[in-house]
Amino acid sequence: MEWSSRRSVIRMNGDKFRRFVKAPPRNYSVIVMFTALQPQRQCSVCRQANEEYQVLANSWRYSSAFSNKLFFTIVDYDEGADVFQQLNMNSAPTFMHFPAKGKPKRADTFDLQRIGFASEQLAKWIADRTDVQIRVFRPPNYSGTIALALLVSLVGGLLYLRRNNLEFIYNKTGWAMAALCVVFAMTSGQMWNHIRGPPYAHKNPQNGQVHDLVTAHSANSTNTVPT
């Protein structure tokens, strides 16, 4: 509880993991994110998943239901390679739930490749495994408001500078090009990704092959770490 009061996600090495996560008895559940965040690992998905994990952990820490029944921890490969070897784990990121009683079951490993790693999806999975309900609170994002204000300022400034010659407003070609840009943007794959929020990878149920839906640099959205 003292560690949780200082940070929402507790960093653990091999010794802390074996003492506070693996060793019984415990009267609390632990969510562990196994990851590889060091720059030399070049795991961009790990960084993105970590951001969502931090949002979820902060939502739990600052909620009225916060208690000592559940803790969020992280094990980085470069700080706990022995833990990866002990669990026969060779990819990251991976989310696991370690229950207060008994050993983790198959459902205690989050299906990241099928569901994705959004905070809301992680919260649903945690609720199924622990009965702890977490309402996700995301920090406000003012980038859209700032961009809109800059656009309005730019248009307003342009109209002011050309207030004596506003014939360009009636240019049909200009409006047609602007309309086409909007149509192409709204029908693009990126807009579909923004609306549907698909996972970063999809497993073919027929052959088990993993297809990357978002990034093209790898056939798998997880990063393989040496064992």
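Predicted model, so just to flag it, every value in this text is computed and none were measured.
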Go through the steps for Phe84 and Asp82 under the test side chain to side chain contact (heavy atoms under 4.5 Å, CB included), then give the verdict. CA-CA 5 Å; Phe84 279 72; Asp82 53 336; over 6 Å; no
Are any of the side-chain heavy atoms of [X] and [Y] separated by less than 4.5 Å?
| X | Y | answer |
| --- | --- | --- |
| Leu37 | Asn50 | yes |
| Thr109 | Pro104 | no |
| Ile126 | Phe72 | yes |
| Val136 | Leu122 | no |
| Gln54 | Leu56 | no |
| Met12 | Ile74 | no |
| Arg129 | Ile31 | no |
| Val9 | Thr73 | no |

Assess the pair Tyr53 and Phe95: is the distance between their ring centroids shorter than 6.0 Å? yes
Test side chain to side chain contact (heavy atoms under 4.5 Å, CB included) applied to [X] - qualifying residues, sequence neighbours left out:
| X | value |
| --- | --- |
| Gln86 | Arg18, Lys22 |
| Gln121 | Phe110, Ile115, Ala118, Lys124 |
| Ser4 | Ile10, Phe66, Phe71 |
| Val155 | Leu151, Leu159 |

Rounded distance [0.5 Å steps], NZ in Lys103 versus NZ in Lys105: 13.0 Å
Rounded to the nearest 0.5 Å, how far does CD of Gln48 lie from CD of Glu51? 7.0 Å
Apply side chain to side chain donor-acceptor pair (under 3.5 Å) to [X] and list each qualifying residue two or more places apart in sequence or on a separate chain.
| X | result |
| --- | --- |
| Arg138 | Glu52, Glu120 |
| Ser29 | His97 |
| Arg6 | Glu2 |
| Ser8 | Asn58 |

In terms of heavy-atom contacts, Cys43 and Ala92 come closest through SG-O, 4.0 Å
Salt bridge (Lys or Arg N to Asp or Glu O under 4.0 Å) pairs, two or more places apart, involving residues 148-159: none
Could you name each residue pair satisfying salt bridge (Lys or Arg N to Asp or Glu O under 4.0 Å) that touches residues 25-34, not counting sequence neighbours? none
Verify side chain to side chain contact (heavy atoms under 4.5 Å, CB included) between Met33 and Thr94, making sure each step is shown before the conclusion. CA-CA 6 Å; Met33 176 183 177; Thr94 299; over 6 Å; no
Decide if atom CZ of Arg11 counts as having more than 12 heavy atoms of other residues, nucleotides or ligands within a radius under 6.0 Å. yes
Only pairs at least two apart or in different chains count here, so list each side-chain hydrogen bond (donor to acceptor under 3.5 Å, both in side chains) that has a residue in residues 62-71. none
Rest of the hydrophobic cluster containing Phe184 (Ile/Leu/Val/Met/Phe/Trp/Tyr, side-chain heavy atoms under 4.5 Å)? Leu180
Answer yes or no: is there a donor N or O on one side and an acceptor on the other, between the side chain of Asp108 and the main chain of Met96, under 3.5 Å? no
Donor-acceptor contact below 3.5 Å, side chain Trp60 vs main chain Leu70: yes
Is there a path from Ile134 to Met1 through hydrophobic residues (I, L, V, M, F, W, Y) whose side chains come within less than 4.5 Å of each other? yes
Decide yes or no on ring-ring contact (aromatic ring centres under 6.0 Å, His included) for Phe17 and Phe98, but give the supporting numbers first. CA-CA 11 Å; Phe17 178 82; Phe98 291 85; 5.6 Å; yes
